[in-house]
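Quick one: this structure, given as C-alpha cells, is what I'll be asking you about.
Scope of the values below: all heavy atoms of this structure, side chains included, with no hydrogens, waters or symmetry mates.
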Amino acid sequence: MVLNARLDHRDPLVFDTHELGRRPGALQRLTRTVDAPKDFGVQGVIGVPEGAPVELDLRLESVMEGVLVTGTARATAEGECVRCLEPLEQQLAADFQELFSYPDADDRGRPAAEPGDDAEDDEDRLFVEDGLIGLEPVLRDAVVLALPMQPVCREDCPGLCSECGARLADNPDHHHDAVDIRWAALQGLAGSLGDGEKDEMSGDGPDSADAAEKQEK
C-alpha cells in the first residue's frame, strides 16, 4: 500500500474527518471556498488561474472501508480559443467522487490481496491519514476531465484566415481572390509581353532608338 504524503491540516484542501468517526452512515456536509493551486487545468490550453477562487460543495460519508467524498468544484477557467487565438473564459463545474480508505481497511473487512494481485489498484488508492484527507489530487483529475481539450470562444468561431491570419469573425466578408496555379505561368508571360508592347509604343525599345538615329543622319 502507498500512503498519502504527509498531510498538513493548514492546507485548505485538507479536511478533518474526526467528527465523522468510524461509524458507517455518519454524514457531514461542507462548503468551502479555496484558492486554486498552481497548474490547475490543462497545461498551456485552459485552466483555473493560480489563486482564483474555487467553490467546493462536499458530502463526506463514513463507510466501512473509509470515507466516501462526493462533491462539486466551481470556478472560472481561462484559456485561448484554438481557432482564433483570442482569450476566453469558461464557467467550470467539476463533479467528483472518491473513496479514502482507512490504512487498515484490509484488516477490517476487505480480503487482503495476494502478492502482486491488484497492485496497481493499491498504488492508485487514497487513504485517510490521522483522520485527514487531501482533496487536491482528486480535484485536479476532476478539473482536467471537465475542461475542453480544444476550447473555443464560441461554437461557430470561424477562426483565422489561412493566408493572412486575419480574424474572420471581425470581417465575415474577408477573402482573397484565388489564382489557379495552372494559369500563373501564362499570366506572367502575358505580363512580360504587355511590358514589351508598352516599350514599343513609348519608343523606348532598341528598334525605335535605331530609327531615331537614322532620322538624325
Side-chain angles (χ1 to χ4, degrees), residues 1-82 87-106 110 118-153 155:
M1 261 186 276
V2 179
L3 298 177
N4 299 343
R6 189 69 182 176
L7 297 177
D8 184 351
H9 69 278
R10 295 169 298 182
D11 187 329
L13 290 175
V14 171
F15 294 80
D16 192 330
T17 68
H18 283 100
E19 289 187 16
L20 283 176
R22 296 182 69 158
R23 304 181 306 276
L27 184 66
Q28 185 179 11
R29 295 183 183 276
L30 297 172
T31 300
R32 183 182 294 184
T33 300
V34 301
D35 293 340
K38 186 179 180 181
D39 299 330
F40 204 48
V42 182
Q43 187 70 23
V45 179
I46 188 171
V48 181
E50 183 178 2
V54 180
E55 298 178 2
L56 300 176
D57 292 323
L58 304 175
R59 181 176 183 268
L60 280 60
E61 182 179 2
S62 179
V63 296
M64 184 66 70
E65 298 85 0
V67 177
L68 180 65
V69 180
T70 305
T72 301
R74 295 182 175 86
T76 300
E78 298 179 3
E80 186 178 82
C81 177
V82 296
L88 59 82
E89 290 187 351
Q90 178 175 318
Q91 297 305 309
L92 167 71
D95 297 324
F96 55 90
Q97 186 175 71
E98 187 69 36
L99 174 65
F100 288 79
S101 300
Y102 294 124
D104 58 348
D106 287 341
R110 177 174 175 265
D118 294 333
E120 293 183 1
D121 292 340
D122 282 345
E123 290 181 1
D124 294 334
R125 291 169 62 195
L126 296 173
F127 294 89
V128 180
E129 180 184 313
D130 296 331
L132 302 177
I133 58 174
L135 283 186
E136 183 172 337
V138 177
L139 288 178
R140 285 188 181 278
D141 290 345
V143 166
V144 169
L145 290 175
L147 288 171
M149 298 302 295
Q150 294 188 319
V152 292
C153 58
E155 291 299 325

Within-4.5 Å side-chain heavy-atom neighbours: L147 and V48:
no
Distance col, row T31:OG1 vs E55:CD, nearest 0.5 angstrom, shows 9.0 Å
Checking R140 side chain against D39 main chain: does a donor-acceptor pair fall under 3.5 Å?
yes
Minimum side-chain heavy-atom gap I133-V138 below 4.5 Å:
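No, every pair of side-chain atoms sits at 4.5 Å or beyond.
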Looking only at atom types and distance, does a side-chain atom of D130 sit under 3.5 Å from a main-chain N or O of L132, one as donor and one as acceptor?
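Pair absent, no side-chain N/O of D130 close to backbone of L132.
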Spacing of CG belonging to L92 relative to OG1 belonging to T76, to within rounding of 0.5 Å:
8.5 Å
Contact summary for D35 and G51, nearest pair of heavy atoms:
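Nearest pair, atom of D35 first, then G51: OD1-O, 3.5 Å.
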Is the closest side-chain heavy-atom distance between F96 and V69 below 4.5 Å?
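When only atoms from C-beta onward are counted, V69 and F96 do touch, with a gap below 4.5 Å.
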Between V63 and P24, is there a side-chain heavy-atom distance shorter than 4.5 Å?
no
State, to 0.1 Å, how close F100 and F127 come at their nearest heavy-atom pair, and which atoms those are.
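For F100 versus F127, the nearest heavy atoms are CD2-O, 3.9 Å.
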Any side-chain heavy-atom pair from D16 and H9 closer than 4.5 angstrom?
no
Answer yes or no: is there a donor N or O on one side and an acceptor on the other, between the side chain of E129 and the main chain of L7, under 3.5 Å?
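Present.
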I need the E61 CD to R29 CZ distance, nearest 0.5 Å.
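It is 9.5 Å, given to the nearest 0.5 Å.
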Correct closest heavy-atom pair for E136 and P37 would be OE2-CB, 3.9 Å
Side chain to side chain contact (heavy atoms under 4.5 Å, CB included), that's the test. Do L135 and E98 meet it? Break it down for me.
CA-CA 9 Å; L135 283 186; E98 187 69 36; 6.0 Å; no
Shortest non-hydrogen contact from I46 toward Q90:
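I46 and Q90 have their closest heavy atoms at CD1-OE1, 4.3 Å.
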Between the side chain of T17 and the main-chain N/O of G131, is any donor-acceptor distance below 3.5 Å?
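Confirmed, T17 side chain pairs with G131 backbone.
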Of all the heavy-atom pairs spanning A75 and P53, show the shortest one and how long it is.
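Heavy-atom minimum between the residues: CB-O, 3.7 Å.
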Student check: side-chain heavy atoms of E19 and L60 closer than 4.5 Å:
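A side-chain contact is absent here, since even the closest heavy-atom pair is not under 4.5 Å.
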Would you say T70 and Q97 are linked by a side-chain donor-acceptor pair, where the criterion is simply a distance under 3.5 Å?
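Note: Q97 and T70 side chains meet the donor-acceptor criterion.
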Nearest atoms (heavy-atom pairs only) where V54 meets A36:
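Result for this residue pair: CG2-CB, 3.8 Å.
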Compare all side-chain heavy atoms of R59 with those of L27 and state whether any distance is below 4.5 angstrom.
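Yes - at least one pair of side-chain heavy atoms lies under 4.5 Å apart.
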Calculate, to the nearest 0.5 Å, the distance between atoms CZ and CG belonging to R22 and D104 respectively.
4.5 Å
Would you compute the distance between atom CG of L99 and atom CG of L68 and round it to the nearest 0.5 angstrom?
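Output value for this atom pair is 6.0 Å.
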